[in-house]
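Every heavy atom of this structure was used, including side-chain atoms; hydrogens, water molecules and symmetry mates were not. All chains are named by letter (A, B, ...) in the order of the sequence lines, taking the proteins before the strands, and each is independently numbered beginning at 1. Keep in mind the model is a prediction, meaning the values are calculated, not measured.
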Number of protein chains: 2
Amino acid sequence: MGDDAAIITVPPEQELVVSTDMLVDGVHFSDRTTSAEDVGWRAAAANLSDLAAMGATPIGLTIGLGLPPTLGVDWVEALYTGFSQCLQHYGGVILGGDVCRSSVVTVSVTVLGQVRPDQKLWRSGARPGQVIVATGVHGASRAGLELLQQPQWGQDLSPLVRQALIQAHCRPQPRLDVLPYLRPFQAQGISVAGMDSSDGLADAVVQICEASGVGAQVWCDRIPMPPSFQETQSLNPEQALDWALYGGEDFELILCLPADGATTLVERLGNDATICGEVVAGSEVLLIGTSQSSATTSLRRAQGYQHF
Amino acid sequence: MGDDAAIITVPPEQELVVSTDMLVDGVHFSDRTTSAEDVGWRAAAANLSDLAAMGATPIGLTIGLGLPPTLGVDWVEALYTGFSQCLQHYGGVILGGDVCRSSVVTVSVTVLGQVRPDQKLWRSGARPGQVIVATGVHGASRAGLELLQQPQWGQDLSPLVRQALIQAHCRPQPRLDVLPYLRPFQAQGISVAGMDSSDGLADAVVQICEASGVGAQVWCDRIPMPPSFQETQSLNPEQALDWALYGGEDFELILCLPADGATTLVERLGNDATICGEVVAGSEVLLIGTSQSSATTSLRRAQGYQHF
């Protein structure tokens with residue numbers, strides 16, 4: 001109490017997982033599309049998703065804030081509300097933080113989680129013969145952003161569908177709920193590799209392949225997208241596929257495991273997951289097209305932040 | 001490897017300590033007074049000092065960087081060099097980080113350390129009858145800043161002395177080295193309270209007193225200052241005292257323990273520490289003046305960052 005640092009006990013059978021993220025106004029969020037509460041939720045969710053990507057469960061997070069003196073106290077309170085709502089939903093507490101003056105709103109989050117060594121999720125564990133499972137749908141967050149930036153887009157979608165896409169962008173759901181479903185496989189010594197799709201489905205598949213020294217074939221017609229993508233005239237199939245593969249910020253999990261295990265997993269998740277490709281030998285990560293829609297192409301990494 | 005998060009094992013007999021700090025160009029550092037290497041060293045040192053303040057030893061830290069696209073790669077490399085030099089000296093590793101675009105250079109550090117529960121240093125443990133020990137000297141960092149900002153100041157000081165004061169500002173030394181000297185007391189069940197003096201000696205004493213529900217008397221003529229403060233015509237005694245009490249960023253430790261233990265501690269530290277006051281009942285934190293120099297006054301908290 002009164003001490004600047006937080007003290008935590010990590011159970012001896014658990015390892016500690018640490019990850020950090022910095023968000024800057026105008027780069028990672030904007031007043032035009034994101035309320036302060038949503039900035040808080042999204043920052044918390046992105047960091048919790050980093051834990052899910054490792055198979056870890058939340059302990060808590062620290063929040064470093066750089067704030068312009070002109071910013072209202074309401075904004076900061078709403079930001080904390082968003083953080084708290086997300087942590088209340090998924091577990092973890094605010095462990096501490098720092099507030100300082102800055103010319104630009106800056107939110108720096110370091111998240112701590114814990115994982116049993118035998119339940120870790122590694123990018124490097126993919127093996128030829130496994131299949132690729134994507135949880136949820138991909139592209140919804142990107143579509144939600146489009147609706148916020150271009151309200152004339154998707155006018156033929158129902159208000160409820162529009163709202164759901166916007167929610168996907170503003171209130172992403174880290175897939176910590178999937179982890180317990182992986183435990184039975186891990187307990188049997190069945191390797192499960194994977195990571196989250198924060199930078200897009202394609203990026204996740206490529207990163208897993210690079211880390212594992214394998215290739216992959218992703219089946220174009222099995223990429224899980226929101227059903228609404230087929231209901232709107234505003235979106236042609238190429239654009240829809242691009243958003244699903246490269247839109248990013250869906251915070252789903254991309255997993256690689258043996259085919260029979262994958263089928264069981266998809267069933268247990270109530271079909272909230274899709275087998276959408278397979279791991280192969282080599283290093284090529286291909287999107288296998290259908291005759292109707294597209295040719296076979298290579299998947300590529302997301303354009304990360306290139307400083308220099 | 002390739003995974004965004006770091007995984008750490010915390011020994012079962014240790015608790016984890018977490019603390020976070022954000023530094024912004026123009027607020028916490030300036031190109032005019034601080035090289036990139038020094039910014040890195042100072043950021044690492046300030047965070048390691050937060051650990052020392054809790055009695056904890058370093059595990060490592062994460063670095064979140066917000067960087068303007070115009071900033072040269074040299075600056076960033078020098079920043080990391082400063083971080084690495086400090087960690088090499090005091091222990092701990094860089095556990096991970098994030099780099100993003102920002103309009104202002106921003107450095108966000110979260111430090112992790114570990115401490116055995118019986119070796120924790122609490123602010124709330126000060127008891128009447130104990131004495132107050134300050135390690136090192138206070139005011140040197142503030143004098144170093146003055147030399148950087150006003151080079152005409154202290155022209156009567158030797159180049160070596162000027163350099164030492166500048167070093168105190170640019171390369172502060174967190175007092176992790178003091179912690180092993182506290183262990184014999186802690187092993188005997190002798191309570192040691194304390195914290196670091198990052199916001200100044202006065203602030204540390206006031207914070208310890210507030211957390212412990214006690215008062216204190218600090219003896220004006222026992223405040224440990226650099227010897228050079230008496231050698232220069234640029235500094236009158238009132239200014240010297242103000243820098244020692246309120247200058248901040250000396251990153252020494254302020255400790256409260258029984259008088260005989262304190263005497264032993266000062267001896268064991270080779271007199272690199274001074275008994276400079278006593279803990280008393282009540283809530284007044286007084287600076288006891290001498291007839292020559294100053295009257296008795298109240299010590300006050302540092303002016304922290306007041307956002308609203």
Side-chain angles (χ1 to χ4, degrees), chain A residues 1-12 15-24 26-28 50-51 53-54 56 60 62-67 69 71 73 76 95-104 106 108-113 115 120 122-124 195 207 210-211 305 307-308, chain B residues 1-12 15-24 26-28 50-51 53-54 56 60 62-67 69 71 73 76 95-104 106 108-113 115 120 122-124 195 207 210-211 305 307-308:
Chain A
M1 188 199 122
D3 297 82
D4 279 337
I7 294 193
I8 299 157
T9 306
V10 182
E15 289 179 342
L16 184 73
V17 176
V18 185
S19 177
T20 199
D21 260 324
M22 189 181 273
L23 306 176
V24 176
V27 179
H28 301 91
D50 285 336
L51 293 183
M54 304 285 289
T62 64
I63 307 172
L65 288 183
L67 303 174
L71 194 72
V73 68
V76 182
L95 294 167
D98 189 24
V99 179
C100 70
R101 188 154 43 92
S102 177
S103 52
V104 56
T106 307
S108 181
V109 180
T110 298
V111 69
L112 302 185
V115 61
K120 252 181 273 183
W122 292 101
R123 296 181 191 179
S124 54
M195 63 177 286
Q207 285 211 50
E210 285 179 358
Y305 171 68
H307 182 59
F308 304 107
Chain B
M1 188 199 123
D3 296 80
D4 280 335
I7 294 193
I8 299 156
T9 305
V10 182
E15 289 179 342
L16 183 72
V17 176
V18 185
S19 176
T20 198
D21 260 324
M22 189 181 272
L23 306 175
V24 176
V27 179
H28 301 91
D50 285 336
L51 293 182
M54 306 283 289
T62 65
I63 307 172
L65 287 183
L67 303 174
L71 195 73
V73 67
V76 182
L95 295 167
D98 188 26
V99 180
C100 70
R101 188 155 42 91
S102 178
S103 52
V104 56
T106 307
S108 181
V109 180
T110 297
V111 70
L112 302 185
V115 61
K120 252 182 272 183
W122 293 102
R123 295 181 192 180
S124 53
M195 63 176 285
Q207 285 211 50
E210 285 179 0
Y305 171 67
H307 182 56
F308 302 106

- Would you please test A:T9 and B:L16 for side chain to side chain contact (heavy atoms under 4.5 Å, CB included) and show each step? CA-CA 6 Å; A:T9 306; B:L16 183 72; over 6 Å; no

Minimal heavy-atom distance between A:M22 and B:S108, with the atoms involved, is CE-CB, 3.6 Å

All heavy atoms of B:T20 vs all of A:D98, minimum pair found to be O-CB, 3.6 Å

Shortest non-hydrogen pair, B:V24 vs A:C100, comes out as CG2-SG, 3.6 Å

Scanning both residues in full, the closest heavy-atom pair of B:R101 with A:V27 reads O-CG2, 3.6 Å

Output for pair (B:S102 OG, A:L23 CG), nearest 0.5 Å, gives 11.0 Å

Cut-off 4.5 Å, heavy atoms of chain A, and the answer for B:L51 is neither

With chain B, the option among A:E210, A:E15, A:H28 that has the most non-hydrogen atom pairs under 4.5 Å is A:E15

Separation between CD1 (B:I8) and CG (A:L112), nearest 0.5 Å, reads 8.0 Å

Whatever's closer than 4.5 Å to a heavy atom in chain A on B:V10 counts as side chain

